[in-house]
Each structure stands twice: as C-alpha cells, then as structure tokens.
Amino acid sequence: KAGVTQTPRYLIKTRGQQVTLSCSPISGHRSVSWYQQTPGQGLQFLFEYFSETQRNKGNFPGRFSGRQFSNSRSEMNVSTLELGDSALYLCASSLPGQGTETQYFGPGTRLLVL
Amino acid sequence: QQPVQSPQAVILREGEDAVINCSSSKALYSVHWYRQKHGEAPVFLMILLKGGEQKGHDKISASFNEKKQQSSLYLTASQLSYSGTYFCGTEGAHAGGTSYGKLTFGQGTILTVHP
C-alpha cells in the first residue's frame, strides 16, 4: 500500500499570506490528523478529521483550519501567516477505532514564513 | 497536557541499553511510542493500552503502568539504527474510561548510538 503523501514538501511564504497544505491518507484510512512540529514545541496536535467532520481540535488559533473530502483526503489552511508559523506540518492517517489507532505519518510539509 | 519525557537526551555505545520514560499528570487510555530520524517522519513503534500491559518488538519493548500514568521504553543491545528522537504520545481517558480520541506528544528524547 502507498503511504501517506503530503504536498507540497517545501513552501516559502511571506507574512500575511495564506497557505493550503494537502494530505492523502493511506487507502482505506478514514481518519486524518494534523500536527505542527517545531524545535521548541515538539509535536503539537492541530485537529483530526473523520468522515469529513472535525472530531478533535488542539489549541491553535482560528487562523488554522482544515477540511476533509469524501475520499478522505484532507487539506489544512493557515491564513494571515506569522513568522511563528514556520514549522514542519505533519499529517497522519489511521483506521478509526474506539480510541486513537496507530498513526501513520506522512513526510511533512516544511513551511518557512519570511 | 503534554506528557513529560526523560531523559531529554542519551548517548550510548552499540550494545548498551537505555530506558526512556514518559509520565502524564492525567488518566491515560493508551500510550503510543514513535521514533523519528532526522529529516524523516515519525515511525510507529508500538501502542500500549490501559491494563498495565507490556509489549516487545525485536529488542525494543515497553511497559505501561496505568495507575502511575507512566510508560517506559526499553532499548536493549542498542544498534546504530536506533539513533533518533523517541516520542511518546498519550491518549487521555475520561472518568468513565473512554478515550479523548487524540494524542498528545511529549517533547521527545534524542537517542544517539555510537559505534
């Protein structure tokens, strides 16, 4: 099976712009979670989508939003970019279960905000 | 709330053992362990569910003490390929025992294995 794919892999934006990141989960996985990884904060949970609905949300401002399509692909959008948004954004897919199942991570999108 | 991992970093020679601890202040439903090599995505190692189970995978094993809300990852006879950052992810449990449904990761433990 193909793994989780994320596009683009690298992105450079300037402050105030917006950005959209894409994630395609492993075939058959219906849950997609997004994480922000920075050297100072580690892996921070952004949100999780299942069946096109946001099921869980982390403590990020409203500038961070996401959605999931009927084919389970997910997009994450960050509006009005700030310098502090520079990070590696990882998405992970899993089979939904009673709890959090094994998360399979994609390679990430490295975002640099100038 | 973010779990606390210790130590923050450890340096080993091939063949030596290491223990990485993960501690939470909240009741846990499960603990997940991942390893991330530099420039790569985190890779799943194992999940431990409440019930105090212990799991093993090759020479890497882990335990979960539900009452103490702690988990430990044991790496025995370390190999060069074990180098990387190890993360524990904790899944909180409601009072009724059900899951919060999301993972909160620790800051990571950097493991370096030298020849």
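These figures come from a predicted structure and were not determined experimentally. Naming: A, B, ... by sequence-line order, numbering from 1 per chain. Only this structure's heavy atoms are used, side chains among them; waters, hydrogens and symmetry mates stay out.
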Original post:
Can you hop from A:Leu111 to A:Leu88 via hydrophobic side chains spaced under 4.5 Å?
Top reply: no
Original post:
Can you hop from A:Phe64 to A:Leu112 via hydrophobic side chains spaced under 4.5 Å?
Top reply: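 No, no single cluster joins them.
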With a sphere of 6.0 Å drawn around [atom1] of [X], does it hold more than 12 non-hydrogen atoms of other residues, nucleotides or ligands?
X       : atom1 : result
A:Arg73 : CZ    : yes
A:Lys57 : NZ    : yes
B:Lys68 : NZ    : no
A:Arg9  : CZ    : yes

Subject >> Spatial distance of atom CG (A:Leu43) from atom CD (B:Gln107) [nearest 0.5 Å] >> reply: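 Those atoms lie 9.5 Å apart.
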**OP:** Measure the spacing between CG of A:Leu46 and NZ of B:Lys102 and express it to the nearest 0.5 Å.
**Re:**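 Taking CG in A:Leu46 and NZ in B:Lys102, the distance rounds to 10.5 Å.
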**OP:** Return the orientation label for the A:Tyr35 and B:Phe105 ring planes: parallel under 30°, perpendicular over 60°, tilted otherwise.
**Re:**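 The rings of A:Tyr35 and B:Phe105 stand perpendicular, inter-plane angle above 60°.
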Less than 4.5 Å apart, any side-chain heavy atom of [X] and any of [Y]?
X        : Y        : value
B:Tyr34  : A:Phe105 : yes
A:Thr102 : B:His32  : no
B:Gln2   : A:Phe45  : no

Original post:
Which heavy atom in A:Gly106 sits nearest to a heavy atom in B:Ala41, and how many Å separate them?
Top reply: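 Scanning both residues, the minimum pair turns out to be O-CB, 2.9 Å.
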**OP:** Under 4.5 Å, counting heavy-atom pairs only, tell me which of A:Gln37, A:Glu48, A:Gln44 racks up the most with chain B.
**Re:**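 Highest number of pairs under 4.5 Å: A:Gln37.
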